[in-house]
S.K.: 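This structure is in structure tokens; I'll ask about it shortly.
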Amino acid sequence: ETGVTQSPTHLIKTRGQQVTLRCSSQSGHNTVSWYQQALGQGPQFIFQYYREEENGRGNFPPRFSGLQFPNYSSELNVNALELDDSALYLCASSKSLAGGPGELFFGEGSRLTVL
Amino acid sequence: AQSVTQLGSHVSVSEGALVLLRCNYSSSVPPYLFWYVQYPNQGLQLLLKYTSAATLVKGINGFEAEFKKSETSFHLTKPSAHMSDAAEYFCAVRRGGSQGNLIFGKGTKLSVKP
């Protein structure tokens, strides 16, 4: 069983640039969520996708956007990067929303540094 | 609104000693609570979860946690610390009950001394 994989693992961007982070869900999972973990902090919810639709969003501006594809993989896009966007971005997948608290399986993250 | 508070950003214990990591929650609905562990440069791994089936929850690697509604607590314990337990631990509550996103605490870094 393949786990959640994220790419790239590390990247460096400059302020104002755009970035795309990618996530492949664990086999059999159809829900993907993204979290931002700043240094020394707990992860914060960005948004969640189910059946290619965003169905939950945290307190992040519209320059954070995402996609979920028919194979349930996902992208996180961040436009107009700011220094405070430097963080570890974690992707998590889970099974259908129906029926109980599905367990989230996390990838190892993409560490973004904005200079 | 749900939230969790982890008391102590850094806990240090000796190998073989009791591990106690504290978590208090706030929730207007029956909470779903979780403990995750994060090793350096890795993602989050689920240690255990409380979903109202039993108040004492056993997890992986010898960890367990007890849900105490009267104290709004969900503290994580392990009877005997091992060097490999050194990591950061996060308590989380599921927003809105069973299907919402996770709300994490700020984490507690556990150090284990030989």
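Here is the naming used below: chain letters follow the sequence lines, and residue numbers restart at 1 for every chain. Worth saying up front: this structure is predicted, and the values here are computed from it rather than measured.
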S.K.: Between atom CG of A:L104 and atom CZ of B:F34, what is the distance when rounded to the nearest 0.5 Å?
M.R.: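 Those atoms lie 7.0 Å apart.
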S.K.: Can you tell me if CG on A:N71 sees more than 12 non-hydrogen neighbours from other groups inside 6.0 Å?
M.R.: yes
S.K.: Around atom CZ of B:F63, are there more than 12 heavy atoms from other residues, nucleotides or ligands closer than 6.0 Å?
M.R.: yes
S.K.: Taking atom CG of A:L115 as the centre, report whether more than 12 heavy atoms of other residues, nucleotides or ligands fall under 6.0 Å from it.
M.R.: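 For A:L115, atom CG is crowded (more than 12 foreign heavy atoms under 6.0 Å).
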S.K.: Around atom CG of B:N41, are there more than 12 heavy atoms from other residues, nucleotides or ligands closer than 6.0 Å?
M.R.: no
S.K.: Can you see which heavy atom on B:L44 is nearest to which on A:F106, and at what distance?
M.R.: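 Heavy atoms of B:L44 and A:F106 come nearest at O-CB, 3.5 Å.
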S.K.: side-chain contact (heavy atoms from CB on, under 4.5 Å) for A:Y35 and B:L102? Distances and angles first, verdict last.
M.R.: CA-CA 9 Å; A:Y35 289 78; B:L102 294 179; 3.5 Å; yes
S.K.: Nearest 0.5 Å please: distance from the CG atom of A:N55 over to the CG atom of B:N101.
M.R.: 10.0 Å
S.K.: For this output row, return yes or no: ring centroids of B:F104 and A:F45 closer than 6.0 angstrom.
M.R.: no
S.K.: Cluster question for you: counting only ILVMFWY and a side-chain heavy-atom cut-off of under 4.5 Å, with indirect links fine, are A:Y49 and A:F60 together?
M.R.: yes
S.K.: Around A:R15, counting heavy atoms of other residues, nucleotides and ligands shown, do more than 12 lie under 6.0 Å from its CZ?
M.R.: no
S.K.: Give the member of A:E108, A:Q6, A:Q44 that has the highest number of heavy-atom pairs under 4.5 Å with chain B.
M.R.: A:E108
S.K.: Measure B:Q38 against the heavy atoms of chain A and call it side chain, backbone, both or neither at under 4.5 Å.
M.R.: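 Just the side chain, heavy atoms under 4.5 Å.
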S.K.: B:F90 and A:Q37: which non-hydrogen atoms are nearest, and at how many Å?
M.R.: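 Closest pair (atom of B:F90, atom of A:Q37, distance): CZ-NE2, 3.2 Å.
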